Amino acid sequence: MDAREMKIKAAEAALAHVESGMRLGIGTGSTAEEFVRLLAEKVAGGLKVEGVPTSERTARLCVELGVPLKSLDELPALDLTIDGADEVDAALRLIKGGGGALLREKIVAAASERMIVIADESKLVDTLGAFALPIEVNPFGLVSTRIAIEKVAARLGLSGELHLRQSGDGDFTTDGGHHIIDASFGRIPDAEALSSELNSIPGVVEHGLFINMAALAIIAGPAGARTLQANR
């Protein structure tokens, strides 16, 4: 089973949690896109759902495949969000934002009664941090914000390169008009403390640590998909 087949397996298992009439948050990324394709087949077969996409990229795919969409202002309370992750640990703490949609992903997940994460087993880790942590920042005062992040990291004993994400010939810009600093800490022993400290920096719009948000994780491997519940 290759990587894409594992993503499809995880998406198939997540689809079993979707019921007709649900208001869905729909995530961003390669695994979430496999979920959208499977969901579209069910919608074509008569499943009634309304989705709120977490990125313009996901919105375009949903429109192309015929998945009905609403804005979060039109559907401010959602039944379920299904999204991928860049890393997940046993407590279902996540690093997200590799696709650059972390702000909308977190807003949509917070508006949902439940969040289910889908991923292949390469994303399951003992300790978060091997994947560079995306930190969404306001372009105004970028240097000051970067220095503040460095100070927070030093206080928590974290080290590693902070890299302003690039796209083409310029800085990467999110759907919300912000930039992303990818922090390569390598290992984040206290994700809660880092989350709290980053939230206190005015220039930080949001970060990719999702803590106490996911109810289930569906992890696919060569033997099939298995479900993890939060070990909190």
Side-chain angles (χ1 to χ4, degrees), residues 3-4 6-45 47-88 94-120 123 131 134 136 165 167-168 172-180 182 205-208 210 213-218 220:
R4 187 184 176 204
M6 286 192 280
K7 293 174 190 219
I8 292 172
K9 283 291 181 187
E12 286 175 340
L15 194 59
H17 293 265
V18 176
E19 299 173 2
S20 195
M22 275 188 163
R23 300 155 296 178
L24 294 177
I26 304 175
T28 298
S30 57
T31 310
E33 287 178 2
E34 299 299 346
F35 172 76
V36 172
R37 293 187 179 92
L38 294 172
L39 178 65
E41 292 176 5
K42 291 289 186 181
V43 169
L47 182 72
K48 303 293 185 187
V49 295
E50 291 179 309
V52 174
T54 56
S55 68
E56 299 302 323
R57 173 176 156 186
T58 295
R60 287 192 293 272
L61 182 62
C62 287
V63 169
E64 176 186 337
L65 298 178
V67 176
L69 295 181
K70 296 284 187 180
S71 70
L72 190 56
D73 287 333
E74 293 172 307
L75 294 179
L78 303 174
D79 299 299
L80 173 66
T81 283
I82 294 178
D83 202 349
D86 298 301
E87 280 189 347
V88 53
L94 316 173
I95 286 182
K96 290 179 52 55
L102 62 105
L103 175 60
R104 294 190 185 186
E105 288 172 338
K106 193 172 280 189
I107 292 172
V108 169
S112 302
E113 188 172 324
R114 282 198 309 154
M115 177 187 187
I116 295 177
V117 175
I118 52 177
D120 65 79
K123 308 295 176 62
F131 189 91
E136 187 162 345
R165 190 179 296 185
S167 178
F172 176 85
T173 301
T174 69
D175 288 341
H178 308 124
H179 296 327
I180 288 182
D182 290 305
V205 179
E206 193 48 83
H207 57 76
F210 284 51
M213 299 191 82
L216 295 175
I218 298 173

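Just so it is clear, the structure is predicted and the values come from calculations on it, not from any experiment.
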Worksheet item: Which side-chain hydrogen bond (donor to acceptor under 3.5 Å, both in side chains) pairs, counting each pair once, include a residue from residues 33-44, with sequence neighbours left out?
Response: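 Output for this query lists Arg4-Glu34, Glu33-Arg57.
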Worksheet entry | Qualifying side-chain hydrogen bond (donor to acceptor under 3.5 Å, both in side chains) pairs with a residue from residues 10-25, counting only residues at least two apart or across chains |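 Every pair satisfying side-chain hydrogen bond (donor to acceptor under 3.5 Å, both in side chains) with a residue in residues 10-25: Arg23-Asp79.
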About how many Å separate [atom2] of [Y] and [atom1] of [X], when rounded to the nearest 0.5 Å?
X: Ile8; Y: Ile118; atom1: CD1; atom2: CD1; answer: 11.0 Å
X: Ser167; Y: Ile180; atom1: OG; atom2: CD1; answer: 10.5 Å
X: Ile116; Y: Ile82; atom1: CD1; atom2: CD1; answer: 5.0 Å
X: Phe131; Y: Asp86; atom1: CZ; atom2: CG; answer: 3.5 Å

Taking all non-hydrogen atoms of both residues, which atom of [X] and which atom of [Y] are closest, and how far apart?
X: Ala109; Y: Thr81; answer: CA-OG1, 4.2 Å
X: Thr31; Y: Ala119; answer: CG2-N, 4.3 Å
X: Met6; Y: Ala220; answer: O-CB, 2.9 Å
X: Val117; Y: Ala214; answer: CG2-CB, 3.6 Å

Are the side chains of [Y] and [X] in contact, using a 4.5 Å heavy-atom criterion?
X: Phe172; Y: Asp182; value: no
X: Thr174; Y: Val205; value: no
X: Leu72; Y: Leu78; value: yes

Cut-off 3.5 Å, no hydrogens considered: what does the side-chain donor-acceptor table look like for residues 47-54, sequence neighbours left out?
from	atom 1	to	atom 2	distance (Å)
Thr54	OG1	Ile26	O	3.1
Thr54	OG1	Thr28	N	3.3
Thr54	OG1	Thr28	OG1	2.7

Worksheet item: Taking only residues two or more places apart in sequence, or in another chain, which ones meet Ala32 in a side chain to side chain contact (heavy atoms under 4.5 Å, CB included)?
Response: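 Residues passing side chain to side chain contact (heavy atoms under 4.5 Å, CB included) with Ala32: Asp83.
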Discussion item. Restricting to side chain to side chain contact (heavy atoms under 4.5 Å, CB included), what partner residues turn up for Glu64, sequence neighbours left out?
Written reply: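 Glu64 satisfies side chain to side chain contact (heavy atoms under 4.5 Å, CB included) with Leu61 once adjacent residues are dropped.
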Worksheet item: Any donor and acceptor pair, going by atom type alone, linking the side chain of Thr58 with main-chain N or O of Gly27 inside 3.5 Å?
Response: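 Present.
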Side-chain donor-acceptor pairs of residues 98-105 under 3.5 Å, sequence neighbours excluded:
from	atom 1	to	atom 2	distance (Å)
Arg104	NH1	Glu56	OE2	2.9
Glu105	OE1	Lys96	NZ	3.3

Fill in: Name of the residue among Arg165, Lys106, His178, His207 meeting side chain to side chain donor-acceptor pair (under 3.5 Å) with Glu136
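For Glu136, the side chain to side chain donor-acceptor pair (under 3.5 Å) check succeeds only for His178.
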